[in-house]
Structure formats: structure tokens, C-alpha cells
Amino acid sequence: MSPLLEVEGLVKHFPARGGAVRAVDDVSFTLDAGETLGLVGESGSGKSTVARLVVRLLEPTAGVIRVDGTDVANLSRRRLRALRRRVQIVFQDPYSSLDPRMTTRAIVSEPLRIAGRSDEIGTRVSEVLAMVGLGREHERRYPHELSGGQRQRVGIARALAVEPELLVLDEPVTALDGSIQAQIVNLLADLQARLGLAYLFIAHDLAVVRHLADRVAVMHLGRIVESADGAALFAAPAHPYTEALLSASPVPDPEQERTRRRIVLSGELPDAQSPPSGCRFRTRCWKATTACAEDPGPELVDRGQGHPVACLFPDSPPEPREVEGAG
Ligand code: ADP
Ligand code: MG
């Protein structure tokens with residue numbers, strides 16, 4: 001059986017003065033029905049570009065995206081519409097992604113209308129609003145009359161209106177306050193259990209996907225550098241970039257939190273228009289040797305545990321150049 005979503009060799013280069021921004025550079029992953037893949041990396045690593053490619057808001061420079069085994073490029077208009085129903089997106093900032101001139105009811109009705117299902121608006125809108133914890137009193141409100149959490153609930157309701165199988169969640173809680181974040185994450189977990197949805201859950205903080213993701217893929221400067229079962233990745237991160245991200249992420253246990261070592265990366269994320277040769281992480285890596293500068297750079301290698309890592313030295317003990325004790 002084919003995976004629900006299969007992404008193979010995905011590339012997106014944006015034309016820029018004097019070259020191209022290599023936002024996504026050979027990314028592959030799969031996602032099964034009902035499963036959650038966490039896609040994590042710092043800002044600028046190409047996560048939103050992957051999200052937009054998957055829902056075809058962007059055309060890839062190269063690579064293939066298959067839904068249920070069907071290549072989504074060059075589909076007829078009718079089949080593209082069917083695909084759009086199956087794969088929906090929720091954006092990071094519900095304030096800028098929701099039309100300020102539209103009421104909740106109009107926003108949630110829109111995908112039904114586009115799908116030629118206007119006759120269902122009467123029943124379906126209140127049904128999906130109830131699913132996300134909103135009532136009839138919210139139907140007539142405009143985005144600015146709602147709280148941040150309520151706005152994101154409207155964004156989720158809109159995505160659910162046409163009964164998708166996969167939600168691409170592009171940092172759905174990043175713009176929200178801490179306690180509201182937890183409420184939305186819990187809502188997403190409940191909806192997944194009830195509806196059997198698959199999630200491509202994008203976050204810049206590993207902590208956000210910790211309890212939701214079956215598998216996690218770590219993205220750095222346009223490439224996936226490591227992927228594994230969630231538990232395996234959190235217990236034994238093998239790529240130094242993953243170690244650094246994990247060290248920056250608070251842990252719930254107060255004792256562990258007190259003694260947590262923080263790896264401080266030296267330097268900024270390199271420019272996506274002129275990434276380093278070889279391993280794109282090497283300019284910030286405490287393990288890097290001259291071998292790491294050689295093109296094409298380390299490939300993802302699975303060392304037999306379903307845990308591929310793109311690093312020449314995944315097993316050598318970490319010797320961070322700059323480590324701050326947190327205690
Ligand atoms: P993330 O979501 O991980 O922060 P993005 O996918 O938004 O990353 O961006 C990845 C890189 O692509 C960044 O360098 C960003 O500036 C660039 N980028 C994104 N969209 C465009 C665009 N439409 N045109 C040019 N560059 C872009
Ligand atoms: Mg983004």
C-alpha cells in the first residue's frame with residue numbers, strides 16, 4: 001500500500017539577484033494515514049516552503065509529491081480539486097491568514113463553496129465549529145473580534161470543512177501564548193484521534209512536537225539531516241544540529257531542566273543563497289573536520305534502526321565548542 005503522502009527529491013529554488021535561494025534542496029519523506037510527522041528546524045530552514053509545496057501553493061523546482069500513490073503534478077483540474085480536498089493547510093498566524101472582512105461563517109464556508117458543496121454549508125459549518133470548540137455565537141464574528149486561540153480554531157475549522165485526510169500544520173501554535181498553545185495542541189490531538197487525520201506538524205521548537213509526533217524529521221538549511229521515531233530522536237539524537245536544538249528546548253522535569261546542558265551554536269544560519277560546501281551545518285558544528293567541507297556532503301544513512309542521519313561523525317562523543325551549564 002502506498003503511503004498517504006510521499007515526497008521524493010523535493011527541490012525549491014527561488015530566483016534571486018545573482019543566483020537562487022535554495023530554500024528546499026532534495027527533501028524526501030513519507031507519511032502514512034493517521035500518522036504525525038513532526039518537521040522541525042530553526043527559522044529559515046525551509047519548512048514553510050515544504051508546506052506550501054505539499055498543498056501546491058508553490059510549484060516545485062524538481063521532485064515528486066504523491067498522494068496515495070498519485071503524482072500531483074499535471075493533474076486535471078477536476079483531480080486537482082479532489083486532491084485539494086484531501087490535503088488542507090493551517091497557517092502559523094491566523095490573523096494574517098484569515099480575511100479580516102469575512103465572518104467566521106464565511107471563512108469556514110469558503111472551502112465548501114469552492115468544492116461545489118454550498119448545499120452543505122447550513123449543517124457543516126456549525127458542525128466543524130463545534131468540533132473545534134466554537135459555538136453559534138462565533139459564526140457572525142470577524143477575526144479581530146476573536147482571541148488568538150479562537151482565530152486559530154477558525155483556521156482549523158476551515159481546514160476541516162471538506163473532510164481532509166491530511167492536515168499540513170505550519171507552526172500552528174507559534175503565534176499563541178503558552179497556555180493557549182497547550183489548548184490548541186490538545187485540540188489537534190483530540191481531532192486526530194476522532195477523525196483519523198494524518199498531520200505534517202511543523203515547528204521550530206522540538207518541545208512542541210514531542211507529545212504529538214510519531215516520527216520527527218529535522219531540517220537544516222533546506223535539507224533533512226536526521227529523522228527517527230519521536231522517542232528515539234529525543235532519547236538519542238545523532239546529528240549535532242538535533243543535539244543543539246534539543247538542548248535549547250525546555251524539559252518538563254524540573255531536576256533535568258536544572259542540569260540541562262545548553263549547546264550554544266556559534267554563528268548564524270548561513271545564507272540559503274550561498275550555503276557552505278559539503279555539510280551545510282559544518283560552519284556551526286563542533287565536530288566538523290576538513291572532510292565535512294567536501295561536496296556533496298554527507299547523505300542520510302540509516303544505520304539499521306530506521307533512524308537516518310546525515311553526518312560523518314554521528315557516533316563520536318559530543319565535544320561542544322561552547323557549552324553553557326544551565327545549573
Ligand atoms: P522556515 O519556514 O523554516 O522559516 P521558509 O521556507 O519560510 O523557512 O524559508 C526558507 C528560505 O527560503 C529562507 O531563506 C527564505 O528567506 C526563503 N524564501 C521563502 N519564500 C521565498 C520567496 N517567495 N522568495 C524568495 N525566497 C524565499
Ligand atoms: Mg515558516
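Nothing here was measured: the structure is a model prediction, and the numbers come from that model. Read the numbers this way: they start at 1 and go in the same order the structure lists the ligands and their atoms. Residue numbers run from 1 in the order of the sequence given.
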- line: Closest non-hydrogen atoms of Ala244 and Leu265, given as atom of the first, atom of the second and distance, are CB-CD2, 3.7 Å
field: Amino acids in close contact with ligand 1, where any non-hydrogen atom sits under 4.0 angstrom away
entry: Phe14, Val21, Ala23, Glu42, Ser43, Gly44, Ser45, Gly46, Lys47, Ser48, Thr49, Ala272
Short N-O contact, Arg117 and Glu110, less than 4.0 angstrom: no
- prompt: Would you call Glu59 and Arg56 a salt bridge, taking side-chain N to carboxylate O under 4.0 Å as the test?
  reply: yes
task: Report the distance from atom SG of Cys279 to atom OH of Tyr241, rounding to the nearest 0.5 Å.
output: 11.5 Å
Side-chain ion pair, Arg86 and Asp68, N-O less than 4.0 Å: yes
query: What protein atoms of element N, O or S are positioned under 2.8 Å from the Mg ion (ligand 2)?
result: Ser48 OG
- prompt: Residues sharing Leu221's hydrophobic cluster, by side-chain heavy-atom contacts under 4.5 Å among ILVMFWY, directly or via others?
  reply: Leu269
query: Arg66 side chain to Pro3 main-chain N or O, any donor-acceptor pair under 3.5 Å?
result: no
Summary of ring pair (Phe, Tyr, Trp, His ring centres under 6.0 Å) pairs that have at least one residue in residues 98-152, sequence neighbours excluded: none
query: Charged N to carboxylate O under 4.0 angstrom, Arg280 versus Asp25?
result: yes
